[in-house]
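Residue numbering restarts at 1 for every chain, and letters A, B, ... go by the order of the sequence lines.
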Amino acid sequence: MAEEIEQRYDPAVIEPKWQQRWAADPGLYAAEPADCGKPKYYVLEMLPYPSGALHMGHVRNYSIGDALARQMWMRGYNVLHPMGWDAFGLPAENAALKNHTPPREWTLANIAAMKRQFLRLGMGFDWATEVTTCMPEYYRWNQWFFLKMYEKGLAYRKKSKVNWCPECATVLANEQVVDGCCWRHEDTIVEQRDLVQWFLRITAYAEELLNDLAKLDGWPEKVRTMQRNWIGRSEGTEVDFFLSEKVDQGLGTEGPGTRGEGTGNKGQGSGVRARGSESEGAGNREQGTERQADPAAAQRNDDLPMGSQIFQRNADLSMGTAIPLLSARKDSWLEAAQRGNAVRIRVFTTRVDTIFGATSVQLAPQHALVAKLTADNPALKAQVDELIEQQKKAREAGDLGAIEKHGIATGRVAINPYNGQPVPIWVANYILADYGTGAIMSVPGHDERDFEFATKYGLEIRQVIAPVSESGTAEDEAVLPFVSEDGVLINSGEFDGLKSMDAQMLLQSVASSRGFGEAKVTYRLKDWGVSRQRYWGTPIPMIYCDKDGIVPVPEEQLPVLLPEAIEITQQGGSPLGRVGEFVNVTCPKCGGPAKRETDTMDTFVDSSWYFYRYPDAKNSTAPFDPKIAKYWFPIDQYIGGVEHAILHLIYSRFWTKVMRDLGLITNDEPVARLFTQGMVIKDGAKMSKSKGNVVSPDDMVARYGADSARMYSLFASPPDRDLDWQEDGVAGVSRFLGRVWRLVTKYSALARSIGDHSHPFRTNVQTAGPSTPLRYAQEDGAPEREARKPEGLSLKLLRKMHQTTAKITLDFEGRWHFNTCVAAIMELVNEIQGADAQLAAGALEPQVMRELLRTVVLLLAPFAPYLAAELWEELGEEGAVLRAEWPKSDPELAKEDELEFAVQVNGKLVSVVKVAADADGAAMEAAARADERVQARIAGKTVVKAIVVPGKLVNLVVK
RNA sequence: GCGGAAGUGGUGAAAUGGCAAACACACUAGCCUUAGGAGCUAGCGCCGCGAGGCUUAGGGGUUCAAGUCCCCUCUUCCGCACCA
């Protein structure tokens, strides 16, 4: 009786037992040195933030990575599988406010708690290489990197408009603003503030970050697309329009930064006029003309060689002659404007070929020139302020794209440098100050947005691109706006007849040679603002001296330690600013009194390079040894949530390139293969406290054991899809593991009874390296034996076993459908169990039984490590199952000797027929025609055609 | 609006263009009794007593053959969104 009770699968007994044994063997999950002779495999899961408890998303993430790591160990690789803590960050400060626990204490306690969870889950991490980013041993290297970047001009300070989260009381990077709100506080609208901030010059690598995406063929296309969009490269042209009057004698050659005082008086009342102009059609053009202050511009028509044929219409472009001719031409109005230092309005456009269709210039409300133009015109300024307000509201609501277009005519006029034509200057709420130059030329004939705007305000719409007909000639008729770049220029003076693309190049050359523009590549990506006005982060190692200005902390003085025992508040700027002994230092240059930077670094700095630290985690003289990094990098497989597709992964790529240029590493990219797993959801919704649908891993482990929780998270759906957590499913997996346990314990004595552990039924015995997984290998030292062909039940079960092994091995190689892997093991176990009556009667030789049970345990080992360890021992095997050799599938034994195939008549399934496995197509067809049900279907009809797919099916087409 | 992914039983899901629904969950019936979050047997897409027919969001197409490929529509999720 008592014995019977003991014979139940009880993870609550098995798992703690093995957890203890593993804890006593710290080398178990340790990677070996580079010269171990094995191929390396670096498998990494994204490190968690130590919030205090793991959630189901973690369990899933780490179950995937751990299964992979374990399988690679079994395949003989030198596996690095580390873990660490993304330990800086705001929640620690919030906790400090709430509970009066110092952030450090709170964080370390959380780490301890979560580490216990990891250990209880049986995750195979090498804790000897643990990295905790809030420890000085780690963050000193953040500071070191910062100094290196400062030396190379990659870290710089500037005042700028920044995203400010009132809830966090700190600045956010662009990447951390989601729909106008804080990424941590979805309901908190991000404000814009002017602050002096430290930036990392990620834009210096924009081109490489973009181009190298092409190399990352082991990354999901989705992530690459997201990064491509985020970088947002756009090729175009910057062109100066000239203000037809001088705003300020002394200045005016800059674009958006133009300074100067508006003359003001001329603009008075123009805003009112703009509204009135709606009914005037093209009247604005006249308005511009009459306001022209530069007499030279009035001569434009005489200056333009409208009829001259610098190159022939529709003829091939001859740049070589065209450029010098055009460049040498002298337009008196242009010369006058340039000589007179006329104020330039620099616009960015990707369609400079449409510039003859520009019928206005549109400025962002926050464009520097707008302030000058409205300085003496309160009415106009009030209207501009309204546009700014609209833009701000739209930005906050997150739907800048849906903003209703509003604009105001300034009453001023700008001159198109290509033809001297005046166009009115407007201010519009759909123009962004921080993209391009903050100003555009509006071409309503060939741009959707400009068309909408021009229609609304009655601005002129002029067609300058004609679609090309099939015969290659220009068609003058087109529905406007015609936005295609597949067209030829019309109404564009001497450029008429050029193809759009050719015209872009030519117009660019003309602009640069005549000094009013240039080709320009613009990125959406902005430099990475890393200053945070918070305490719990890496102090920025900079000192401000009245005499010497900005002075970097000398390298030998690192780390700049975070002071302990300070009061955390969210008021009055950075908490460090109130710690006198931290702030007040002596200047490293002059020895005089100076002050430290009191901002800390964005925590994404920590996670940008933490994985380089793992292989050399104890290094106290460098962030890591380049030789060690060279061996381990790039990471072979990185696994994490898709929510890090932009932030973490683009920063990490940037950091890698910087480290490469510092000579620390040789790889261009940190990660060869990236896998983004799906979310864990419950009842169709993301788990969250507010929805009350959170499932705790501790609960699951307590009720069903770690193996069941882990295996369910792999079984319930393929890893890239979302997983719906159903507790009944966990129970089902637990029952399955119970069946395995009963099966193995029932026959383990039999399996153990054989002293000779060689395998009687291996047909193509040969030694195989880790990279040839499907080949068969003999166990170490065992003598080769004569192959025997198994029969009957042995054959049936061994065949299933070899088929299962092949399927799972293949899945690990790439497809990663671990759900069907688990299902396959279930099928195998079901089949063995289905023969239990025969097994109990002794139908199998002990060797076969042993081989079956042994293989089941080995196949289970990546998914249910505790049970596998227990049963491995139960089978009398020595050593860790983790280091046992992954089973090899023997194709001979996996092969079926009977073939079942479908027979269709006119594509409809009629029968299923069996033939010998080696039957050819003719034999299959004959067997198909002989089948009764098939006969009934084809009787009295003619078989027109017979499609035979060997090994698959026969389809008889009849009439 | 643009781009991407997805849509299959009561549920999670499976299926290199070749027998749709493997493996589980839930459910139903029966057995067992150590009455368990246990085990075993059988059933379980829909219609139909049955023979048989129908079925992968809806509609079209390609093919001997389509859940799978192509086109259109609908729905859900994700990303991007006046980026000039």
Side-chain angles (χ1 to χ4, degrees), chain A residues 1 4-5 8-9 179 220-223 225-226 228-230 232-234 236-237 347-351 354 362 364 391 394 398-405 428-432 434-443 447-450 452-453 522-524 642-643 645-646 678-679 681 684 703-704 712 715-718 720-736 738-739 742 815 817 819-827 829-830 833 836 900-913 944-949 951-958:
Chain A
M1 283 278 267
E4 291 281 315
I5 289 167
R8 290 184 49 182
Y9 166 56
D179 290 340
E221 192 52 51
K222 178 190 168 80
V223 173
T225 303
M226 284 167 73
R228 207 171 285 126
N229 291 341
W230 187 262
R233 183 181 197 274
S234 155
T237 312
V347 304
F348 175 69
T349 177
T350 55
R351 290 297 304 276
T354 65
Q362 302 283 343
Q391 226 173 39
D399 58 350
L400 209 55
I403 194 170
E404 197 193 327
K405 292 182 180 55
N429 65 356
Y430 71 99
I431 308 302
L432 307 172
D434 58 359
Y435 185 79
T437 60
I440 66 152
M441 61 178 200
S442 177
V443 185
D447 182 280
E448 298 274 3
R449 297 155 300 186
D450 296 343
E452 187 190 329
F453 190 87
T522 299
Y523 299 93
R524 210 183 77 116
V642 73
E643 65 271 21
I646 293 175
M679 282 190 308
I681 57 176
R703 292 190 206 184
Y704 304 102
Y712 172 74
F715 175 60
S717 68
D720 55 329
R721 288 245 286 266
D722 283 352
L723 181 154
D724 191 57
W725 194 270
Q726 296 185 359
E727 194 171 323
D728 285 335
V730 189
V733 170
S734 171
R735 285 199 293 272
F736 167 69
R739 287 212 305 281
R742 282 196 303 278
R815 208 178 69 137
H817 279 196
N819 55 331
T820 60
C821 291
V822 174
I825 299 173
M826 288 174 170
E827 281 188 57
V829 170
N830 289 350
Q833 251 193 337
D836 193 54
E900 236 184 24
F901 64 94
V903 183
Q904 300 176 338
V905 174
N906 286 345
K908 291 195 90 165
L909 180 72
V910 169
S911 187
V912 175
V913 173
V944 185
K945 195 173 172 189
I947 287 109
V948 180
V949 183
K952 287 278 167 68
L953 99 175
V954 171
N955 185 10
L956 301 173
V957 185
V958 301

Which value, in whole Å, describes the distance between the [atom1] atoms of nucleotides [N] and [M]?
N     : M     : atom1 : result
B/A20 : B/A66 : P     : 11 Å
B/U28 : B/C46 : P     : 15 Å
B/A5  : B/G53 : P     : 37 Å
B/U55 : B/A15 : C1'   : 16 Å
B/A6  : B/G12 : C1'   : 16 Å
B/U75 : B/A26 : C1'   : 27 Å
B/G79 : B/A42 : P     : 47 Å
B/G10 : B/C44 : P     : 15 Å

Closest to the [X] side chain: [options]?
X        : options             : value
A/Ser234 : B/A14, B/C19, B/A84 : B/A84
A/Val912 : B/C80, B/C19, B/G39 : B/C19
A/Lys222 : B/C78, B/G12, B/C23 : B/C78
A/Met826 : B/A24, B/A14, B/A84 : B/A24
A/Thr820 : B/A24, B/U16, B/A14 : B/A14
A/Tyr435 : B/G12, B/C83, B/A15 : B/C83
A/Ile440 : B/G37, B/A15, B/A84 : B/A84
A/Arg735 : B/G12, B/G39, B/A15 : B/G39
A/Asn830 : B/A24, B/G18, B/C83 : B/A24
A/Met226 : B/C19, B/G79, B/C25 : B/G79

Does OP1 or OP2 of [N] have a side-chain N or O of [X] closer than 4.0 Å?
X        : N     : result
A/Arg449 : B/G1  : no
A/Arg721 : B/C78 : no
A/Lys945 : B/U63 : no

Could you check whether [X] gets within reach of a base, just the sugar-phosphate, or nothing at all, counting any heavy atom under 4.0 Å?
X        : value
A/Glu827 : sugar-phosphate
A/Leu723 : nothing
A/Glu452 : nothing
A/Tyr704 : base
A/Arg233 : nothing
A/Asn819 : sugar-phosphate
A/Ala731 : nothing
A/Gly732 : sugar-phosphate
A/Leu953 : base
A/Phe453 : nothing
A/Asp447 : nothing
A/Glu404 : base

Do [X] and [Y] come close enough that some side-chain heavy atom pair is under 4.5 Å?
X        : Y        : result
A/Tyr704 : A/Val733 : no
A/Phe453 : A/Gln362 : yes
A/Val912 : A/Val903 : no

Base-pairing assignment for [N] (Watson-Crick or G-U wobble, both under 3.5 Å):
N     : answer
B/C2  : B/G79
B/G7  : B/C74
B/A21 : none
B/G67 : none
B/U28 : B/A42

(request) Step by step, work out the side chain to side chain donor-acceptor pair (under 3.5 Å) result for A/Tyr712 and A/Asp728. (result) CA-CA 10 Å; A/Tyr712 172 74; A/Asp728 285 335; over 6 Å; no
For the pair [X] (side chain) and [Y] (backbone), establish whether a donor and an acceptor sit closer than 3.5 Å, ignoring hydrogens and angles.
X        : Y        : answer
A/Asp447 : A/Ser442 : no
A/Asp722 : A/Met679 : yes
A/Asn955 : A/Gly907 : yes

Between [X] ([atom1]) and [N] ([atom2]), how many Å, whole number?
X        : N     : atom1 : atom2 : value
A/Asp724 : B/U8  : CG    : C1'   : 16 Å
A/Phe715 : B/C23 : CZ    : C1'   : 5 Å
A/Ile947 : B/G17 : CD1   : P     : 18 Å
A/Lys405 : B/A84 : NZ    : P     : 14 Å

(message) Ignoring hydrogens, what is the shortest heavy-atom contact between A/Val958 and A/Val905? Give both atom names and the distance.
(response)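 Looking at all heavy atoms of both residues, the shortest contact is CG2-CG1, 3.9 Å.
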(message) So which atom in A/Tyr435 and which in A/Ser234 form the shortest heavy-atom distance, rounded to 0.1 Å?
(response)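 For A/Tyr435 versus A/Ser234, the nearest heavy atoms are OH-CB, 3.5 Å.
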(request) For B/G50, measure the glycosidic angle (O4'-C1'-N9-C4 for a purine, O4'-C1'-N1-C2 for a pyrimidine) and name it syn if it falls within 90° of 0, otherwise anti. (result) anti
(message) When you measure only distances, ignoring hydrogens and angles, does the side chain of A/Asn955 come within 3.5 Å of the base of B/C64 through a donor and an acceptor?
(response) yes
(request) Select from A/Val957 and A/Ser717 the residue whose nearest nucleotide in RNA chain B is closer to the 5' end of that strand. (result) A/Ser717
(message) On RNA chain B, does the nearest nucleotide to A/Ala364 precede the nearest nucleotide to A/Val733 from the 5' side, or the other way round? Give the residue.
(response) A/Val733
